[in-house]
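Each chain gets a letter, A, B and so on, in the order its sequence line appears, and its residues count up from 1.
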Amino acid sequence: MTEVTELMRPQGESLDTKEVLLNLGPQHPSTHGVLRLVLELDGEYVARVDPHIGYLHRGTEKLAESFTYTQIFPLTDRLDYVCPPSNNLAFALAVEKLLGIEAPIRAQYIRVMMAELARISGHLLITGALPMDLGAMTALLYAMREREMIMDLLEMITGARMHTSFCRVGGVREDLPEGFLPKIREFCEIFPNRIRDYERLLEDNRVFLSRTQGIGVISPEDGIDLGLSGPNLRASGVDWDIRRDEPYEIYDRLDFNVITRDEGDCYARWQCRVEEMRESVRLIEQCLEQMPEGPFQIDMPTIAFPMDKDRVHCSMEALIQHFDLSAYGFKVPEGEVYSAIEAPKGELGFYIISDGSEKPFRMKVRAPSFVNLQALFGVTNARYLADMIAVLGSLDPVMAEVDK
Amino acid sequence: MSVEASVISTLIAERFGEAVEELRVSHGVHAFAAPPDRIVELCRFLKEHPALRFDFLSDICGVDYYPEAPRYEAVYHLYSLPNKWRIRIKCRLGDPPRVPSVTGVWRTANWHEREAWDMYGISFEGHPDLRRIYMWEGFEGFPQRKDFPLRGYKDDLNPFGAEGPPPTQPDLVTNDIPTGVRSTPET
């Protein structure tokens, strides 16, 4: 890039140029939240970027140290608010590893199904929002229409559209409601055709292609060095998916392809996400097919709430169990665990140190967006301002997760 | 003990001998304790050894074990993409906590280390740009330390904060931390 800018620089001494400081954000539609970039501009060319994050810092990790394990679930919702079921799952898995328990099979299927729904919802948002950043508004409106269907499905299961908090340590909160299966089957039937629609909208769009193809290329070595994960790294040709390589829950029983692209540019990252949505639909269909009947929560009164809520009103033991778990929580044996899942944005890890009490001694969230966003500055330090917006959109950071 | 665990521990023992201590395997992840002055060497060894190739730095995390001594800990989580192994390296740090930066080994360490500095005041020596990342410039104290009150300290903007002496202030220009922390923790 340096050569190009040298050519563009005015020759001779007749023109004086100086670098301009530009403040992009924190309130700017294409920063996807509250990201503030202090840019040093040399014409249209970004000479230096100084990112400022932390506008949404809520101290999730510090708060978690004063919450019981069950109380932490709503905090995890608010990390990546586009796809909360994945965050719930990641945290539940970490605590379950510490306790040495496993959720019943039906619960695992429900969790995986919800995590895949969340993946579609997260990918839908960004596959629509990236073109919008580049001027193609239509795709986002269509994407939102389908995202609404997922919201409705999540509302049917959990009663909440965004902050689901549906996982519990040792299972899920409730069983699937009546009338849910036909709804989700309908979704699985409709959705693949809709994905085709988005592709048709953008695949032949010359403006979109020239704004994304060959822009923001990340080599596989750079991607690994910068800590990229998830679709961002797979778009650079690194074949790594935690769902396949370190299978958790029931992913080893499901058949799916890991989508990779070799180009490593913005378009490849966009394509990867579109293809992953197709795979997610396949995964959901397999979950529905294989899901056995059975309990949705582990049968351990010291950890799980009574499965039948009505028993709380007529059984002394159930009442005590419910009260005890709500008021004091449950003790988790001393130890430490790092547990990572493949969240829509990449590797979402929870590192929990337990001192044997009801509250974690230390909880660290390895937030994929935080690491992915950092990569922006490793890539675009020698690019044009307009390209930086494209790269930012294609890396898909969610600021709530960046800021924790 | 799995094959991977014995491979990793043999290779580390060959190179580092007594310096790097092997810890108990906890929940499938092999852990080692390293002294701060050898952490960069150990990370480079783990990344570059052809049989190990821990090329992916997942996370760097600060921990405060107040009132134990040594008080702080930096925890590194590495992943090997070719071998699909995970490993944890723990590094106990005294007060004030100082540890060499691994930004020279992985560029991704940059923000992780800034976060640990911001939250725990762990000073990563050799870091190219060690500034606060979440808290604003001019914020006093390190909020995730165990002796920092959950609600912060009382001031004009925070009437519900805890009473107490002002926290230790790092010098934001030189990043030097005054030695010794506040002796009276909040209860």
Got [X] and [Y] here, is their nearest side-chain heavy-atom distance under 4.5 Å?
X	Y	answer
A:H57	B:I133	no
B:D59	A:E347	no
A:K97	B:V29	no
A:D245	B:Y79	yes
B:K90	A:E336	yes

Max heavy-atom pair count under 4.5 Å with chain A, selected residue of [options]:
options	result
B:D118, B:L150, B:I60	B:L150
B:K47, B:M135, B:E115	B:E115
B:L57, B:N110, B:L81	B:L81

At their closest point, which heavy atom of B:F56 faces which heavy atom of A:G227, and how far apart are they?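 Where B:F56 meets A:G227 most closely, the heavy atoms are CZ-O, 3.6 Å.
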Testing the basics here: between A:Q374 and B:T108, what is the closest heavy-atom pair and its distance to 0.1 Å?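 The answer is NE2-O, 3.1 Å.
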If you count heavy-atom pairs under 4.5 Å between each of [options] and chain B, which one has the most?
options	result
A:L373, A:D225, A:V371	A:D225
A:L56, A:V402, A:I242	A:V402
A:D355, A:D403, A:D239	A:D403

Contacts of residues 356-366 of chain A with chain B (heavy atom under 4.5 Å):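 Contacts with chain B: A:F361, A:R362, A:K364, A:R366.
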[atom1] ([X]) with more than 12 external heavy atoms under 6.0 Å:
X	atom1	value
B:K84	NZ	yes
A:D252	CG	yes
B:R15	CZ	yes
B:R53	CZ	no

Calculate, to the nearest 0.5 Å, the distance between atoms [atom1] and [atom2] belonging to [X] and [Y] respectively.
X	Y	atom1	atom2	value
A:F370	B:Y134	CZ	OH	4.0 Å
A:L226	B:W111	CG	CH2	11.5 Å
A:D50	B:R131	CG	CZ	4.5 Å
A:L63	B:Q144	CG	CD	9.5 Å

Proximity breakdown for [X] and chain A, heavy-atom pairs closer than 4.5 Å:
X	value
B:D64	backbone
B:Y65	both
B:V105	backbone

Side chain / backbone / both / neither for A:E246 at chain B, heavy atoms under 4.5 Å: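 The answer is the side chain of A:E246.
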Can you tell which part of A:E221 gets under 4.5 Å to a heavy atom of chain B, answering side chain, backbone, both or neither?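 A:E221 has no heavy atom closer than 4.5 Å to chain B.
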For the pair B:H77 and A:Y351, name the ring-plane relationship: parallel under 30°, tilted 30 to 60°, perpendicular over 60°.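 Perpendicular.
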Is it true that a side-chain atom of A:K62 and a backbone atom of B:F148 form a donor plus acceptor pair closer than 3.5 Å?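 It does hold such a pair.
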